[in-house]
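Here the structure comes first, spelled out in structure tokens, and everything after it is commentary.
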Amino acid sequence: MTPFQEEVYKALEKIPKGSVTTYGAIAKYLNTKAIRVVGTAVGKNPNAPQIPCHRVVPSSGKIGNYSGEGGVETKIRLLEEEGVEVKDGKIVNYQQHLFVFESQDDVL
DNA sequence: TACATGACTATCC
DNA sequence: GGGATAGCCATGT
């Protein structure tokens with residue numbers, strides 16, 4: 001477990017149900033540019049059911065990837081179970097479900 | 001130490 | 001809006 005992963009997992013738990021966030025948002029929240037590392041850390045996902053890794057999507061509005069069981073299919077299923085519509089591998093009203101982290105120095 | 005890799009993003013057409 | 005290319009930076013070998 002790397003410190004970076006812990007930060008990422010903490011951020012993931014802040015994502016409310018029925019919402020999704022982007023790797024870029026997490027990277028920004030952690031004040032880092034290592035977007036790819038965020039994805040990598042999430043991909044490890046040692047606490048699968050504990051960490052809502054399925055609520056993380058790329059900025060393209062697509063589903064992205066999933067290392068869990070069933071892969072992307074499962075990820076889509078989970079999102080739909082939480083109220084996020086997914087069509088053709090893309091999130092419907094993606095920006096509407098988009099959740100951004102609260103940046104302390106970004107507020108006001 | 002150096003190189004390769006990865007659940008991505010921004011830019012260009 | 002979408003495919004291809006380059007940049008990105010922590011991790012692992």
Side-chain angles (χ1 to χ4, degrees):
Chain A
M1 179 68 73
T2 70
F4 206 97
Q5 287 180 336
E6 296 189 63
E7 295 291 297
V8 174
Y9 300 141
K10 276 200 300 185
L12 293 186
E13 292 190 277
K14 296 164 78 75
I15 306 175
K17 173 185 163 188
S19 295
V20 296
T21 193
T22 69
Y23 298 94
I26 297 171
K28 195 168 129 199
Y29 173 69
L30 298 180
N31 219 13
T32 183
K33 292 162 245 169
I35 296 167
R36 307 209 43 177
V37 188
V38 175
T40 306
V42 177
K44 309 267 186 177
N45 197 9
N47 313 328
Q50 198 169 331
I51 306 295
C53 49
H54 57 271
R55 293 184 195 152
V56 187
V57 294
S59 60
S60 8
K62 290 185 166 178
I63 291 303
N65 248 306
Y66 192 68
S67 295
E69 203 176 307
V72 183
E73 296 279 317
T74 301
K75 183 169 181 176
I76 295 172
R77 189 65 56 87
L78 286 168
L79 288 173
E80 292 196 314
E81 287 291 297
E82 298 198 344
V84 180
E85 272 185 274
V86 179
K87 183 161 287 194
D88 197 51
K90 293 172 297 191
I91 296 178
V92 181
N93 301 328
Y94 153 67
Q95 304 219 24
Q96 186 177 296
H97 291 289
L98 230 190
F99 166 79
V100 286
F101 292 94
E102 301 170 349
S103 309
Q104 279 152 355
D105 59 47
D106 195 61
V107 172
L108 298 190

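Only this structure's heavy atoms are used, side chains among them; waters, hydrogens and symmetry mates stay out.
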Next on the checklist: What's the separation between atom CD1 in A:I76 and atom NZ in A:K62, rounded to the nearest 0.5 Å?
Outcome noted: 11.5 Å
Using residues 89-101 of chain A as the side-chain source, report each donor-acceptor pair under 3.5 Å to any protein atom, sequence neighbours left out, with the distance given to one decimal.
from	atom 1	to	atom 2	distance (Å)
A:H97	ND1	A:G18	O	3.1

Checklist entry - NZ of A:K14 to CD1 of A:I26: how many Å apart, nearest 0.5 Å? => result 12.0 Å
Item to check | Interatomic spacing from NZ in A:K10 to CD in A:E7 - rounded to 0.5 Å | outcome: 4.5 Å
Item to check | Atom CD of A:E73 with >12 non-hydrogen neighbours under 6.0 angstrom | outcome: no
Next on the checklist: Please give me the minimum heavy-atom distance between A:L12 and A:P52, naming the atom from each residue.
Outcome noted: O-CG, 3.1 Å
Checklist entry - Is the count of non-hydrogen atoms from other residues, nucleotides or ligands lying under 6.0 Å from A:E85 atom CD greater than 12? => result no
Item to check | Base-contact (B) and sugar-phosphate-only (S) positions in nucleotides 1-13 of chain C, heavy-atom cut-off under 4.0 Å, - elsewhere | outcome: -S----BBBSS--
Checklist entry - Would a 4.5 Å heavy-atom cut-off, applied to side chains only, mark A:V42 and A:I51 as touching? => result no
Checklist entry - Under the side chain to side chain donor-acceptor pair (under 3.5 Å) test, which residues partner A:E81, sequence neighbours left out? => result none
Next on the checklist: Short of 4.0 Å, heavy atom to strand atom, which residues of residues 16-25 of chain A count as contacting DNA chain B?
Outcome noted: A:Y23, A:G24
Checklist entry - Near DNA chain B, which residues from residues 67-84 of chain A have a heavy atom under 4.0 Å away? => result A:S67, A:K75
Next on the checklist: Let me confirm one number: the CG-OG1 distance from A:L79 to A:T74, rounded to the nearest 0.5 Å.
Outcome noted: 11.0 Å
Item to check | side-chain contact (heavy atoms from CB on, under 4.5 Å) between A:I15 and A:V56, intermediate numbers included | outcome: CA-CA 9 Å; A:I15 306 175; A:V56 187; 4.1 Å; yes
Next on the checklist: Need two values: the first and the last nucleotide of DNA chain B, 5' to 3', having an atom under 4.0 Å from any heavy-atom of chain A.
Outcome noted: B:dG6 to B:dA10
Checklist entry - Nearest 0.5 Å, what's the OG1-CZ distance between A:T32 and A:F4? => result 4.0 Å
